[in-house]
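One structure is given here, and the rest of the page talks about it.
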Amino acid sequence: MRLVVTGGAGFIGSNFVRHVLATHPDDRVVNLDRLTYAGNPANLADVERDARYSFVKGDICDGALVRDVIRDADAVVNFAACSHVDRSLVEPDEFLRTDIFGVHTLLEAVRELKVPRFVQISTDEVYGSVERGSSRETDPLRPTNPYSASKAGGDHLALAYWSTYRVPSLITRSSNNFGPYQYPEKVIPLFITNALEDRPLPLYGDGRNVRDWLYVLDNCAAIDLVLRKGKDGEVYNIGGGHEVENIVLTREILRLTRKPETLIQPVKDRPGHDRRYAVDSRKVHQLGWAPKHPFGRALEATVDWYREHAAWWTPLKSGELRTWYEQQYGAHSGRGETP
Ligand SMILES: NC(=O)c1ccc[n+]([C@@H]2O[C@H](COP(=O)([O-])OP(=O)(O)OC[C@H]3O[C@@H](n4cnc5c(N)ncnc54)[C@H](O)[C@@H]3O)[C@@H](O)[C@H]2O)c1
């Protein structure tokens with residue numbers, strides 16, 4: 001299969017590119033990525049010399065470039081997105097541009113060039129908070145922040161292009177991912193690296209928000225299955241099946257890093273902070289997928305990875321991430337170090 005992966009230099013995309021090259025010897029992958037702050041060529045340094053892999057630096061909103069890159073593709077898998085809720089609260093424009101207009105640009109190119117498959121990578125956050133039970137693929141979307149609203153926009157477009165033009169779109173909506181190469185602004189790598197550096201762990205609100213954690217390699221396997229076996233026009237939820245309150249997760253990270261709970265620093269809750277997400281994943285299970293990495297062991301492996309890869313995350317935390325938080329909260333707020 002000739003695959004175009006967009007956003008492949010980010011967290012999930014880079015794990016997915018590695019997964020495809022390792023499990024499908026005949027596949028070729030072109031990675032189109034704009035290399036925003038979250039895109040890092042170092043995430044794929046180990047496959048750079050693989051003749052089956054190539055990289056193009058560019059924007060998914062650039063129609064001419066997109067058409068050029070996907071011309072002979074058998075499938076396009078779109079990971080490219082602005083992905084951090086906190087940033088969407090202060091700079092929503094870029095989220096709307098990439099997560100809606102970028103998806104539209106890809107869909108138009110896929111339609112024109114008759115690419116046989118388009119997989120849009122989405123999130124359980126489009127369903128909004130669920131107090132009880134779990135979201136089905138057919139449930140209405142109730143996004144509550146600019147990130148999830150823009151992702152919902154991309155989802156609606158992908159499904160509309162299937163209904164209107166028979167553009168062969170599929171969507172995956174996964175729960176929160178964790179694992180190697182995740183930018184250290186997201187809660188698990190932020191807390192692991194802060195703990196390793198003996199810095200406070202800034203816990204939102206009462207710490208009772210619940211997320212269903214999914215190891216990134218399990219998500220990659222599920223996306224790969226949907227890509228090859230999924231049905232056009234369908235949505236597939238992908239949940240880890242492991243719901244944890246943030247406070248419990250925080251304590252577990254401190255236990256694994258052997259640091260004291262006094263590092264926990266409660267901070268004012270994020271506006272519109274959804275209490276709980278949970279997805280019903282029966283449909284992707286019926287396709288033949290099940291998570292293979294138990295949460296406890298995967299979290300331990302993730303802590304070990306960050307412990308062993310300080311050279312990967314230290315420059316990110318002391319560079320772009322610190323500058324961003326200083327711009328938002330001021331150089332002397334302390335938030336630059338402990339966002
Ligand atoms: N991380 C999670 O827990 C999670 C959970 C569910 C769904 N998702 C979805 O999975 C996808 C990947 O998430 P992630 O955590 O790997 O994100 P990430 O922020 O780590 O990576 C995003 C990548 O997209 C690239 N990119 C951004 N704008 C672009 C543009 N206009 N053109 C080309 N490239 C661009 C960035 O350079 C980066 O490499 C996103 O669509 C996200 O909504 C993420």
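These values consider heavy atoms only, across backbone and side chains, with no hydrogens, waters or symmetry-generated copies. Just follow the structure's listing: the first ligand is 1, and inside any ligand the first atom is 1.
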Between Ser54 and the options Leu32, Val30, Val29, Asn31, the side chain to side chain contact (heavy atoms under 4.5 Å, CB included) test singles out Val30

Distance filter under 4.0 Å to Thr123 heavy atoms, resulting ligand 1 atoms: 6 (C), 7 (C)

Under 3.5 Å, N or O to N or O, is Thr98 touching ligand 1 that way? yes

So the atoms of ligand 1 within less than 4.0 Å of a heavy atom of Asp59 turn out to be 30 (C), 31 (N), 32 (N)

Interfacing atoms of ligand 1 (cut-off 4.0 Å, heavy-atom, Gly10): 20 (O), 21 (O), 38 (C), 39 (O)

Contact atoms of ligand 1, heavy-atom distance to Ser83 under 4.0 Å: 17 (O), 18 (P), 19 (O)

Going by the order shown, which atoms of ligand 1 are within less than 4.0 Å of some heavy atom of Gly58? 32 (N), 33 (C)

Looking only at non-hydrogen atoms, which of Asn177, Asn15, Val56, Val103 approaches atom 3 (O) of ligand 1 most closely? Asn177

Can you classify the ring geometry of Phe101 versus His104 as parallel (below 30°), tilted (30 to 60°) or perpendicular (above 60°)? tilted

Nearest to atom 22 (C) of ligand 1, what protein heavy atom do you find, and at what distance? Ala81 O, 3.5 Å

Among all protein non-hydrogen atoms, which one is nearest to atom 32 (N) of ligand 1, and what is the separation to 0.1 Å? Ile60 N, 3.0 Å

Per-atom contacts, ligand 1 versus Asn176 - under 4.0 Å to a heavy atom: 3 (O)

Heavy atoms only, cut-off 4.0 Å: how does Ser122 contact ligand 1, side chain, backbone, both, or neither? backbone

Looking at atom 39 (O) of ligand 1, what's its closest protein heavy atom, distance included? Asp33 OD2, 2.6 Å

Checking a contact table here: which protein heavy atom is nearest atom 13 (O) of ligand 1, and how many Å away? Ile12 CD1, 3.9 Å

Salt bridge (Lys or Arg N to Asp or Glu O under 4.0 Å) partner of Glu197, the single match among Lys259, Arg307, Lys317: Lys317

Heavy-atom distances under 4.0 Å are what count here, so tell me which part of Leu35 touches ligand 1: side chain, backbone, both or neither. backbone

At a 4.0 Å cut-off, with the gap strictly under it, does some heavy atom of Ser174 reach an atom of ligand 1? yes

For the residue pair Phe16 and Phe79, is the inter-centroid distance of their aromatic rings smaller than 6.0 Å? yes

Test of understanding: given a 4.0 Å heavy-atom threshold, classify the contact between Lys151 and ligand 1 as side chain, backbone, both, or neither. side chain

Provide the number and element of each atom of ligand 1 under 4.0 Å from a heavy atom of Thr36. 27 (C), 28 (N), 36 (C), 37 (O)

May I ask you to identify the nearest protein heavy atom to atom 10 (O) of ligand 1, giving residue, atom name and distance to one decimal place in Å? Ile121 CG2, 3.4 Å

Which protein heavy atom lies closest to atom 12 (C) of ligand 1, and at what distance to 0.1 Å? Phe79 O, 3.4 Å

Taking the six-membered ring for Trp and the single ring otherwise, decide whether the centroids of Phe118 and Tyr161 are under 6.0 Å apart. no

Does the cation-pi check pass for Arg87 over Tyr37, that is, NZ or CZ under 6.0 Å from the six-membered ring centre and within 45° of its axis? yes

If we only count N/O pairs under 3.5 Å, is Leu32 in contact with ligand 1? no

What are the atoms of ligand 1, with element, lying closer than 4.0 Å to any heavy atom of Tyr147? 42 (C), 43 (O)

Does a side-chain N-to-carboxylate-O contact under 4.0 Å join Arg2 and Asp74? yes

Heavy-atom pair with the smallest gap, counting every atom of Leu141 and Pro143: C-CD, 3.4 Å

Would you call Arg52-Asp26 a salt bridge at under 4.0 Å N-O? no

When the aromatic ring centroids of Tyr215 and Phe178 are compared, is their separation below 6.0 Å? yes

State yes or no: are the ring centers of Trp313 and Trp305 separated by less than 6.0 Å? no

Electrostatic pair Arg208:Asp206 at N-O distance under 4.0 angstrom: no

The closest protein heavy-atom partner of atom 15 (O) of ligand 1 is Phe11 CD2, 3.7 Å

Donor-acceptor pair, side chain of Asp212 and main chain of His242, under 3.5 angstrom: yes

Looking only at distances, can you tell me whether any N or O atom of Cys82, backbone or side chain, sits closer than 3.5 Å to an N or O atom of ligand 1? no

the protein heavy atom lying closest to atom 5 (C) of ligand 1 turns out to be Ser175 O, 3.5 Å

Of the listed options (Glu185, Arg97, Arg34), which comes nearest to atom 33 (C) of ligand 1 when hydrogens are ignored and any heavy atom counts? Arg34

Could Arg276 and Glu243 be called an ion pair, given the rule that one side-chain N must be under 4.0 Å from one carboxylate O? yes

Answer with yes or no after comparing the ring centroid distance for His84 and Tyr147 against a 6.0 Å cut-off, counting only values under it. no

